[in-house]
Protein chains: 2
Amino acid sequence: MSKLLTDLIEALRCLPGVGGKSAQRMAFHLLERDRERGLRLAQVLDQAMRDIGNCSRCRNFSETPVCALCSSSSRDRQVLCVVESPTELAAIEQATGYRGQYFVLLGRLSPLDGLGPRELGLDLLADRLGEGEIEEMIIATNPTVEGEATAHYLAQLARAAEVRPTRLAHGVPLGGELEYVDRGTLAHAFGSRQALD
Amino acid sequence: MSKLLTDLIEALRCLPGVGGKSAQRMAFHLLERDRERGLRLAQVLDQAMRDIGNCSRCRNFSETPVCALCSSSSRDRQVLCVVESPTELAAIEQATGYRGQYFVLLGRLSPLDGLGPRELGLDLLADRLGEGEIEEMIIATNPTVEGEATAHYLAQLARAAEVRPTRLAHGVPLGGELEYVDRGTLAHAFGSRQALD
């Protein structure tokens, strides 16, 4: 196989979930049928890797110093939702009708991995809470051990700035069957049962 | 979401088997964790889309006028294996110990799609058979209706040039169970049963 083709197959393996066989299939597909879109991908990918940085206000991916969402005048400035990564921000934007602001930690508290309050930009978050505009901080870290520890820390930060901290509800997922819900979730949902009006 | 990020996700969908969700996952993965390899992919992809053409002898992908395989002195020049596409050439190279030459049709005879002898480079193939060096032509087109029709045409071409045409054996795949082999294959394997020495 030609050197350049081997290089292309190897390079495609940087994509998550793509092994040798899929990479080969992708390379052949682009070469045989879709060179134009392949070139376009190369160009956009290069530009994105170089130009996409982080918004100086919310730390989400942005190619401008302040992202479109932070500079939008139509978003509610009294509510701030804190997420671990841009992926979760995208999921919340797509699933909910939330119209407030965001703050992206780009990680979770994990001292063993060298991720402390400074790495998560918590000084920036504290400054933002100190501005006095925010009334509620929705903590949407992942429901993992580290996510919960981070949530605990964030709640303290909010209270110190006299901002009301809230957390996404835990419970039984919609559309599931109780039989297959894990024990921890079921116990939590049972304990936090809610009155029907 | 930022314009450039949306563009990147859209561009990644040119890859076979990649939908919106996977494309988003790939984009976030590269941005968060692997910008260097992302840049490398962009560069190799751009170069490959521009520089990879087809070998003037075998029509396989090559960035040089004649590919490494065709110009190699260690490959047997008496045997020529004809395949439909570079993917199949790669599969044969990886699975078998074949040391002869190749010819890539870049398609199969399919008049309704405008693929005739000229599009498959059969004039080039005829010239090559006419050189008198080749003794056996292995026809390795796919065992589909169009592949079989192409094989039939190729066999005539070989006989006209006094070259012996051969075809990959059909039969029961190794490691399968007879119960699950399709009827056509089983009937063929039964009819072509071979004597045990």
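In what follows, every chain begins at residue 1, and chains take the letters A, B, ... in the order their sequences are listed.
In this structure a side-chain-to-backbone donor-acceptor pair under 3.5 Å is present from B:S71 to B:C67. Formation of a donor-acceptor pair under 3.5 Å by the A:R33 side chain with backbone atoms of A:H29 is not found in this model. Checked by atom type and distance alone, the side chain of B:E136 never pairs as donor or acceptor with a backbone atom of B:V163 at under 3.5 Å.
Ion pairing between A:R167 and A:E148 holds under the 4.0 Å rule for side-chain N and carboxylate O. Salt-bridge check for B:E131 with B:R57: passed, with a basic side-chain N closer than 4.0 Å to an acidic carboxylate O.
Under the rule for a side-chain contact (heavy atoms from CB on, under 4.5 Å), A:Q194 has no partner lying at least two apart in sequence or in another chain.
In terms of heavy-atom pairs under 4.5 angstrom with chain A, the leader among B:E32, B:Q47, B:R25, B:E93 is B:E32. Across B:A27, B:A42, B:A90, B:C55, the residue that shares the most heavy-atom pairs under 4.5 angstrom with chain A is B:A42. Contact count versus chain B (heavy atoms, under 4.5 Å) is highest, among A:D46, A:D7, A:N60, A:L15, for A:L15. The greatest number of non-hydrogen atom pairs below 4.5 Å with chain B, out of A:D51, A:L41, A:V44, is found for A:L41. Contact count versus chain A (heavy atoms, under 4.5 Å) is highest, among B:Q43, B:M49, B:E36, for B:M49.
Contacts of B:Q24 with chain A are made by side-chain atoms alone, with heavy-atom separations under 4.5 Å and no backbone atom involved. For a residue to count as touching a neighbouring chain, one of its non-hydrogen atoms must lie under 4.5 Å from one of that chain's; by this rule A:L5 touches chain B with backbone and side chain alike. Contacts between B:L69 and chain A at a heavy-atom distance below 4.5 Å are absent for every atom of the residue. Looking at A:A68, neither its backbone nor its side chain comes within 4.5 Å of chain B, counting heavy atoms on both sides.
Put simply, the side chain of B:K3 reaches to within 4.5 Å of the side chain of A:E63, judged on heavy atoms. Contact of the B:L129 side chain with the B:E162 side chain is not registered, since no non-hydrogen atoms from C-beta on lie closer than 4.5 Å.
In this structure, A:R193 is positioned above the aromatic face of A:F190, its NZ or CZ under 6.0 Å from the six-membered ring centre and within 45° of the axis.
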#### Entry: Pair B:L125-B:L80, side-chain contact (heavy atoms from CB on, under 4.5 Å): steps then yes or no
CA-CA 10 Å; B:L125 178 62; B:L80 183 76; 3.5 Å; yes
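Residues of residues 98-120 of chain B placed with any heavy atom under 4.5 Å of a heavy atom in chain A are absent; none qualify.
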